[in-house]
**Q** 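Mind having a look at this structure? Questions to follow.
Numbers restart at 1 for each chain; the letters A, B, ... are given by sequence-line order, proteins then strands. Predicted, not measured: the structure shown is a model, and the values here were computed from it.
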2 protein chains.
Amino acid sequence: MTARESCLADRLDIAFGLTAKERAVLVALEQSPRQCRRGHVVRRERERSDDLYIVRNGWLFSSVILVSGKRQILRFHFPGDLVGLGSGVLGEAAETLTAVTDIEMCTLPRGLLRTLFAEHPRLAAMIFSLAQADHVAMADRLASVGQMSAKARVASVLADILVRLRVLDKSITDSFHIGLTQEEIGDATGLTGVHVNRMIRTLVEEGVIARSNSHVRMLDEARLVQLANYVDRSKELDTSWLPPPPRD
Amino acid sequence: MTARESCLADRLDIAFGLTAKERAVLVALEQSPRQCRRGHVVRRERERSDDLYIVRNGWLFSSVILVSGKRQILRFHFPGDLVGLGSGVLGEAAETLTAVTDIEMCTLPRGLLRTLFAEHPRLAAMIFSLAQADHVAMADRLASVGQMSAKARVASVLADILVRLRVLDKSITDSFHIGLTQEEIGDATGLTGVHVNRMIRTLVEEGVIARSNSHVRMLDEARLVQLANYVDRSKELDTSWLPPPPRD
DNA sequence: CGTCCTCTTGACGGCTTTCAATAAAAGTGG
DNA sequence: CCACTTTTATTGAAAGCCGTCAAGAGGACG
């Protein structure tokens, strides 16, 4: 049993399976977790930074700000998610990272990618896979924002959050605490906060969801998924192309 | 001088610089180019396929179709672009690839990624970098579709195409042949073809662009870029983290 | 207990879509 | 090379979805 742990190792182990040796490599590299309060900006775009993070606890989102001052939320990140990869290969951060809840994140050292690519090809390939899965998720979101009605876009965000939380926490079935403001949902869907409010109310009136306090409950998940044109891709990862694990 | 060539080697050489040995590896792997006619669907989403392609000549675009029948164009791909990576790590293709012009593409073998990760870490890292650059580009597009006006979105697509073509072909300064229909521009921007037409006409009336036949000319590129809130990221690739090239 | 943030709701306006009809262009077959 | 068909571009009118503005209510927090 290892004294230290690694968020990244846990994540990769679940998705792909790790050997003890691979796990040891990651444990050795990972730095101690860092805490942030709800609303805190972990990193701002255009900052010089090639750090990588793994979410250990809580939610955050990545976003970009336009010159008009409008904000586009690109993606929500949950425990186990690898964050900041896109900025890691550019000179400066492309995305702002903001904590939705109190969070705990593990920072990965600057040289992580170099080390993995040079010495641990199978681990590098896993990270590549996760990055490509994110790419596909972003494509789904673009299609949602570009082609769907306001109601469908809101439904799509809710469905995505529910499905992704459920993968992480088996005890979640049909409801979750949503720490987002309606304004933030608007920034993710390309709508105003006011209109998000109306769409949520419509979904409640139609019996698709229910709310109490800050909890959202799915009453008719089939209809929600249909409304949102939602595709769950969480089970589609193809691991057959990965290089074989090293022989001890 | 090599008898055979490799589109991928050319691309990586321009972006990162290749050793002769690295080039030889890629030349050995690359298959002979394949031709497609304008409008031809190279690959359809949900098809079982983990092929990778490099564009040698012409344009294509990747897109997804929603159940409503609407289509979201995700990205245009120009010569040298690596296409299909996102689908390569999933069991099935996530995106449809459609030729905008007559095109010539090089197919890369199924095992390419595995070979590169296992045996040529620096090449794998380069491909990872390109993939992440695409990720950032997709984020920019999402912000455009989610937050900007119709005119700005159209301007943004035109600016993106111009800038990217100019990197590939130094002879291009302010005009290019646009093989896209206004409907296709609409599918990329989340607008209807009719409204794209109106926005293009507005841009012409304002003296920002001019058209003749299927050619678009930028009359006031500064204003176009400003309208589009366009950020040229083509020079932002950070190559310092790449593993060192192998010693011969 | 007061302040700030978020949610809620209504009225109004405008941007974009939809529908429709024509013209122009491109592709096809003779 | 010309007639015919299909696709694309263009334009107007009307409708609708969503944004803007505004005001009040409810909660969290100090």
**Q** Give a yes/no answer on whether the side chain of B:Asn197 brings an N or O atom under 4.0 Å of OP1 or OP2 in D:dT10.
**A** yes
**Q** Compare the minimum distances between each of D:dT10, C:dG10, C:dC7 and the side chain of A:Val194, then state the nucleotide with the smallest one.
**A** C:dG10
**Q** Is it true that A:Asp187 and A:Lys70 have a side-chain N and a carboxylate O under 4.0 angstrom from each other?
**A** no
**Q** When you measure from the side chain of A:Asp102 to the backbone N and O of A:Arg38, does any donor-acceptor pair fall under 3.5 Å?
**A** yes
**Q** Is there a donor-acceptor pair closer than 3.5 Å between any side-chain N or O of A:Glu184 and the backbone N or O of A:Thr181?
**A** yes
**Q** State whether A:Thr192 places a side-chain N or O below 4.0 Å from either non-bridging phosphate oxygen (OP1 or OP2) of D:dC18.
**A** no
**Q** C:dT8 P sits how many Å from A:Leu203 CG, rounded?
**A** 13 Å
**Q** Can you measure B:Met148 atom CE to D:dG19 atom P for me and round it to whole angstrom units?
**A** 16 Å
**Q** Could you tell me how far apart A:His195 (NE2) and C:dA11 (C1') are, to the nearest whole angstrom?
**A** 15 Å
**Q** What is the distance, rounded to the nearest whole Å, between atom CD1 of A:Ile185 and atom C1' of C:dC5?
**A** 16 Å
**Q** By the definition side-chain contact (heavy atoms from CB on, under 4.5 Å), identify the one residue from A:Leu180, A:Leu60, A:Asp81 that meets it with A:Phe76.
**A** A:Leu180
**Q** Check every atom of D:dA9, D:dG19, C:dT17 against the side chain of B:Leu191 and return the nucleotide holding the closest atom.
**A** C:dT17
**Q** Using only modelled atom types and a 3.5 angstrom limit, is any donor from either the side chain of B:Arg38 or the base of D:dT7 paired with an acceptor on the other?
**A** no
**Q** For the side chain of B:Arg211 and the base of D:dT10, is some donor closer than 3.5 Å to an acceptor across the two?
**A** no
**Q** Rounding to a whole Å, what distance do you find between B:Asn213:CG and D:dT8:P?
**A** 17 Å
**Q** Could you check whether B:Gly39 gets within reach of a base, just the sugar-phosphate, or nothing at all, counting any heavy atom under 4.0 Å?
**A** nothing
**Q** Is any side-chain N or O of B:Gln182 closer than 4.0 Å to OP1 or OP2 of D:dT7?
**A** no
**Q** Just to confirm, is there a sub-4.0 Å distance from OP1 or OP2 of C:dT8 to any side-chain nitrogen or oxygen of A:Arg201?
**A** no
**Q** By nearest atom, which of the nucleotides D:dC18, C:dT18, C:dT16 is closest to the B:Lys70 side chain?
**A** C:dT18
**Q** In terms of side-chain geometry, is the basic nitrogen of A:Asp134 or A:Arg75 positioned less than 4.0 Å from the acidic oxygen of its partner?
**A** yes
**Q** DNA chain C: B:Ser149 or A:Gly193, which has the more 5' nearest nucleotide?
**A** A:Gly193
**Q** Looking at A:Ala188, is its backbone amide N or carbonyl O close enough to the side chain of A:Gln72 to form a donor-acceptor pair, meaning the two atoms are under 3.5 Å apart?
**A** yes
**Q** Under 4.0 angstrom, heavy atoms only, what part of the nucleic acid is A:Gly186 near: base, sugar-phosphate, or nothing?
**A** nothing
**Q** Please round to 10 degrees the angle between the axis of the first five pairs and the axis of the last five pairs in the helix from C:dC1-D:dG30 to C:dG30-D:dC1.
**A** 60°
**Q** Between A:His215 (NE2) and C:dC7 (P), how many Å, whole number?
**A** 15 Å
**Q** Give the rounded distance in Å between these two atoms: CE of B:Met199 and P of D:dT11.
**A** 13 Å
**Q** For B:Ile200 and C:dT16, what is the distance between atoms CD1 and C1' respectively, to the nearest whole Å?
**A** 16 Å
**Q** The side chain of B:Arg198 lies closest to which of these nucleotides: D:dT8, C:dT17, C:dA26?
**A** C:dT17
**Q** Just how far is it from atom CD of A:Gln182 to atom CG of A:Leu191, taken to the nearest 0.5 Å?
**A** 11.5 Å
**Q** Which residues pass the salt bridge (Lys or Arg N to Asp or Glu O under 4.0 Å) test with B:Glu92, not counting sequence neighbours?
**A** B:Arg46
